[in-house]
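Only this structure's heavy atoms are used, side chains among them; waters, hydrogens and symmetry mates stay out.
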Amino acid sequence: MFVPTAEKLMPELTTREEIALLARALWREGYNDHLAGHVTALQPDGTLLCNPWLVRWDELRPEQIIRIDLAGNLLEGDWPVPLGIPLHLALHAARTDVTWAVHNHPLYGTVWADLGEIPPVYDQSSALGGGGDLVLVNEYEGPVNDLATARGAVDALHGGHLALLAGHGVFVLGTSARALFQRAVALEQRCQRAWHVRALGATPAQVLPAGFLNHMKNSDGNGFIGFWESAVRAELRADPTLLDTH
């Protein structure tokens, strides 16, 4: 069992281990729509590591992670390529600033996507996502597994790193597992808090300073040391065998 110190908050991890831990940690945070969702990590050789189809995020293990090319062909692994992966293929082909991406259908993010509305930021924790303005993308020019449709959705991001996909779910981009976890958790919290405020029928005044909101909007998601690490430790406590090799 890993024991943290102030100098070392989590064990050294491979990319496959990071993907499995990220998926499990986000499942706890509401990214838990059954078999749905994809996590991709761009590799130096231009291929992608991603979670496979048929394995839920709360049971995903590092040895189940597959490697694919940017055409979606399976290069390494024993599991099938996930459905809907063209969204990630189009993203990584177009955006050199993005090396990690998460797509799923968390409850509150999906409700706002269904509404076709961007939720306000009402509190500090909801502002921690960073990555520019949250954008609304209506991607349905065709089926979700169509590459042309996926390219249209990526174009509609306009360089952003947080998106609500209308009638579908959320898309969170970044440069590390740490950034994705921070941004994805903050996004769902923003959507949840805004939903509860709306349900109360309230219209609160903006109390967060504009300078703070701009500062957080300009963050890259990597600055909150300890947040990702504590989630990693929680998953390792829940499943002490997770990093065991088989």
* Structure fact -> For P86 and A150, the nearest pair of non-hydrogen atoms, with its separation, is O-CB, 3.3 Å
* Hey, are the side chains of T15 and W100 touching, using non-hydrogen atoms and a 4.5 Å cut-off? -> yes
* **Short N-O contact, D146 and R151, less than 4.0 angstrom** => no
* Within 6.0 Å of CG in D78, more than 12 heavy atoms from elsewhere -> no
* Do you know the tightest heavy-atom contact between D244 and E63? -> O-OE1, 4.3 Å
* To do: Could you walk me through whether R183 and D220 pass the side chain to side chain contact (heavy atoms under 4.5 Å, CB included) test, one step at a time?
  => CA-CA 9 Å; R183 287 174 167 172; D220 65 1; 4.3 Å; yes
* If Ile, Leu, Val, Met, Phe, Trp and Tyr residues are connected whenever their side-chain heavy atoms lie under 4.5 Å apart, and connections chain through other members, are W195 and V197 in the same group? -> no
* Asked: Does the ring centre of H88 sit less than 6.0 Å away from the ring centre of F171?
  -> yes
* **N104 side chain reached by L26 side chain, heavy atoms, under 4.5 Å** => no
* Asked: Does a salt bridge link E188 with R193, judged by any charged N lying under 4.0 Å from a carboxylate O?
  -> no
* Asked: Among side-chain atoms of D97 and H161, is any donor-acceptor pair under 3.5 angstrom?
  -> yes
* **Shortest non-hydrogen contact from A113 toward G169** => CB-O, 3.9 Å
* Distance in Å, W112 CH2 paired with L187 CG, rounded so as to fall on 0.5 Å steps -> 12.0 Å
* Asked: Is any side-chain heavy atom of R178 less than 4.5 Å from a side-chain heavy atom of E18?
  -> no
* What pair of heavy atoms forms the shortest contact from A93 to L70, and how long is it? -> CA-CD1, 4.4 Å
* Derivation of the side chain to side chain contact (heavy atoms under 4.5 Å, CB included) call for L22 and W27 -> CA-CA 8 Å; L22 178 63; W27 180 277; over 6 Å; no
* Just do the side chain to side chain contact (heavy atoms under 4.5 Å, CB included) check on V137 and L164 with the steps written out, would you? => CA-CA 6 Å; V137 175; L164 300 180; over 6 Å; no
* Asked: Any side-chain heavy atom of P204 within less than 4.5 Å of one from Y122?
  -> yes
* State whether R28 and D58 are salt-bridged, where the test is any N-O pair (Lys NZ or Arg NE/NH1/NH2 against Asp/Glu carboxylate O) under 4.0 Å. => no
* **From D133 atom CG to K217 atom NZ, the distance as rounded to the nearest 0.5 Å** => 4.0 Å
* Which heavy atom of A127 sits nearest a heavy atom of L213, and at what distance? -> CB-CD2, 4.0 Å
* Asked: Is the H105 to H34 ring centre distance short of 6.0 Å?
  -> no
* **Enclosure of Q124 CD (heavy-atom neighbours >12, cutoff 6.0 Å)** => no
* To do: Answer with yes or no whether the hydrophobic clustering places L243 together with L9; edges join I, L, V, M, F, W, Y residues whose side-chain heavy atoms lie under 4.5 Å apart.
  => no
* **Audit row: H103, L165, side chain to side chain contact (heavy atoms under 4.5 Å, CB included) steps and yes/no** => CA-CA 10 Å; H103 166 61; L165 306 178; 3.7 Å; yes
* Asked: Is the side chain of Q64 donor-acceptor paired with the backbone N or O of R61 at a distance under 3.5 Å, no angle test?
  -> yes
* Asked: For the side chain of N51 and the backbone of G37, is there at least one donor-acceptor N/O pair under 3.5 Å apart?
  -> yes
* Structure fact -> Tightest non-hydrogen contact, residues V81 and L74, listed as CG2-CB, 4.0 Å
* Asked: Any salt bridge between E59 and R24, counting N to O under 4.0 Å?
  -> no
* **Intermediate values then yes/no, salt bridge (Lys or Arg N to Asp or Glu O under 4.0 Å), K8 and E229** => CA-CA 9 Å; K8 191 174 181 62; E229 290 87 346; over 6 Å; no
* Would one find more than 12 heavy atoms of other residues, nucleotides or ligands at under 6.0 Å from atom NE2 of H196? -> yes
* To do: From the options I66, L49, L60, L21, select the one residue that forms a side chain to side chain contact (heavy atoms under 4.5 Å, CB included) with R16.
  => L49
* Can you get from L83 to L75 by hopping between Ile, Leu, Val, Met, Phe, Trp and Tyr side chains that sit under 4.5 Å apart? -> no
* Asked: Judged by modelled atom types alone, do S176 and N222 share a side-chain donor-acceptor pair under 3.5 Å?
  -> yes
* Asked: Which distance, rounded to the nearest 0.5 Å, do you find between the CG of L13 and the CD1 of I19?
  -> 11.5 Å
* Asked: Heavy atoms, side chains only, cut-off 4.5 Å: are I65 and C50 in contact?
  -> no
* **Whether over 12 other heavy atoms sit under 6.0 Å from W53 CH2** => yes
* Asked: With a 4.5 Å limit on heavy-atom distance, are the side chains of V135 and H158 in contact?
  -> no
* Asked: Do the side chains of L173 and L157 get nearer than 4.5 Å, heavy atoms only?
  -> yes
* Asked: Roughly how far apart are F2 CZ and R233 CZ, rounded to 0.5 Å?
  -> 7.5 Å
* Asked: Around atom CD of E12, are there more than 12 heavy atoms of other residues, nucleotides or ligands at under 6.0 Å?
  -> no
* Drop me the distance from C191's SG to L115's CG, to the nearest 0.5 angstrom. => 10.0 Å
* Structure fact -> The residue among T40, T99, T47 that forms side-chain hydrogen bond (donor to acceptor under 3.5 Å, both in side chains) with H92 is T40
* Just by modelled atom types, is the G72 backbone N or O under 3.5 Å from a matching donor or acceptor in the D69 side chain? -> yes
* Asked: Does a side-chain heavy-atom distance below 4.5 Å link W79 with L54?
  -> yes
* Side chain Y31, main chain A184, donor-acceptor under 3.5 Å -> yes
* Structure fact -> Rounded to the nearest 0.5 angstrom, the CG-CD distance for D123 and Q189 is 6.0 Å
* Hey, does the side chain of R95 reach the backbone of G159 with a donor-acceptor pair shorter than 3.5 angstrom? -> yes
